[in-house]
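In what follows, a structure is listed as structure tokens, so that the remarks can point back to it.
Whatever order the structure lists them in is the order used to number ligands and atoms, beginning at 1. Remember, it's a predicted structure, so these values are computed and weren't measured experimentally.
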Amino acid sequence: MIVEMRTGASREEIDSIVQKVKSFGWDVQMNVGTEKTVVAILGSNTGQVSTDIFAVLPGVESVTRIMKPYKLSSREVKAQDSLVSINGIEIGGKRIIVMAGPCAVESEEQLAEVAKVVKAAGASIMRGGAFKPRTSPFGFQGLKKAGLELLAKVKEQFDIPVITEVLDSRDVNMVSEAADILQVGSRNMQNFTLLTAIGKSKRPVVLKRGFSCTVTEWLTAADYLLTEGNNQVILCERGIRTFEDSVRFSLDISSIPVIKKSSHLPVIVDPSHAAGHYSLVPAIAKAAIAAGADGLLIEVHPKPEEALVDGLQSLTPANFAKLMEELRLIAKSVGRYI
Ligand code: PEP
Ligand code: MN
């Protein structure tokens, strides 16, 4: 931690900082300039105290942390890329993993049709929401437990792992019975009770980025999962809120290389919720793979015009199959495959 004193701070004010630092058993390194003094605080556990305890003292201009707030998800803690393995499918390696399916589970027929077409096109994991986090309480909330049962049934029938969202920490065990991967939605990225419960469950988890959260907050949220011993964590960029209104959310493409630099965790991209429109999904999906994403989470519906949720951003089976062909070329050009 670095404490920058105000210009002209008094000797007493500087001394009181030093005394407070020593009271924690830490050391100081003083940098006394002609006008300004900067105090570097040296200690192994300075992260446990708030910077405010120094910032409120008289004569202090600002207090800055040097260490990143996230730890277990950082490359500093683990230099090699982490691989997450789901039924033998590895995420974070050379192979690009595509997860595809409807926004919401609607019926057995819908799910079976989707499983058949996405698997044939090369997706290795099926998505489908049984619990839907809707902005309005009057929107379709998902089939809930009945939806989980359909997922479990279709997954067996088509031999394809599934990912589905868990909204409530009390449902983690129930959702885990049907799902191979738990999804934490954007709106729940900082639901720390839910993260702790999923951390304890040790289930593979996709942690979507909160649409108003920074990469630092996202990685710090991932630490909640990792600190409970769950290292099967996959990050998912799904777009953030900006002033731009021509898309549903602005896909932060730069978060992919930023994550790759700062973290060992695999990162996938959801182009569907960012785009908000099916016509924009392919370009965003291809850009994500070119930028280094380890996989994609794409909404596909056999009949988007009949979808109960997010029909406009859902690809038809034909559009999905076409995109998969294009993605193979992009993957190859960056030394990967699907
Ligand atoms: C979803 O993937 O179904 C979803 C609700 O996405 P997000 O949490 O990113 O809005
Ligand atoms: Mn959706």
Ion pair check, Arg75 and Asp81, cut-off under 4.0 Å: yes

Note: Asp294-Lys260 ion pair, threshold 4.0 Å (strictly below): yes

Neighbouring protein N, O or S atoms of the Mn ion (ligand 2) [cut-off: under 2.8 Å, no waters]: Cys103 SG, His273 NE2, Glu299 OE2, Asp310 OD2

Main-chain N/O of Gly239 paired with Ser250 side-chain donor or acceptor, under 3.5 Å: no

Are there any N/O pairs under 3.5 Å between ligand 1 and the protein, and if so, what are their distances?
from     : atom 1 : to     : atom 2 : distance (Å)
ligand 1 : 2 (O)  : Arg127 : NH1    : 2.8
ligand 1 : 2 (O)  : Gln183 : NE2    : 2.9
ligand 1 : 2 (O)  : Lys208 : NZ     : 2.9
ligand 1 : 3 (O)  : Arg127 : NH2    : 2.8
ligand 1 : 3 (O)  : Lys132 : NZ     : 2.8
ligand 1 : 6 (O)  : Lys208 : NZ     : 2.9
ligand 1 : 8 (O)  : Ser186 : N      : 2.8
ligand 1 : 9 (O)  : Lys208 : NZ     : 2.8
ligand 1 : 9 (O)  : Arg238 : NE     : 2.6
ligand 1 : 9 (O)  : Arg238 : NH2    : 3.4
ligand 1 : 10 (O) : Arg187 : NH1    : 2.8
ligand 1 : 10 (O) : Arg238 : NH2    : 2.8

Any side-chain donor near an acceptor of the partner, Glu4 and Ser62, under 3.5 Å: yes

Parallel, tilted or perpendicular, as decided by the 30° and 60° cut-offs, for the rings of Trp26 and Phe54: tilted

Contact check, side chains of Met99 and Ile181, non-hydrogen atoms, under 4.5 Å: yes

Verdict with reasoning, Asp310 to His301, per side chain to side chain donor-acceptor pair (under 3.5 Å): CA-CA 9 Å; Asp310 286 349; His301 197 289; over 6 Å; no

Salt-bridge criterion met for Glu149 and Lys153 (N-O under 4.0 Å): no

SB check Arg95 Glu90 (cutoff 4.0 Å): no

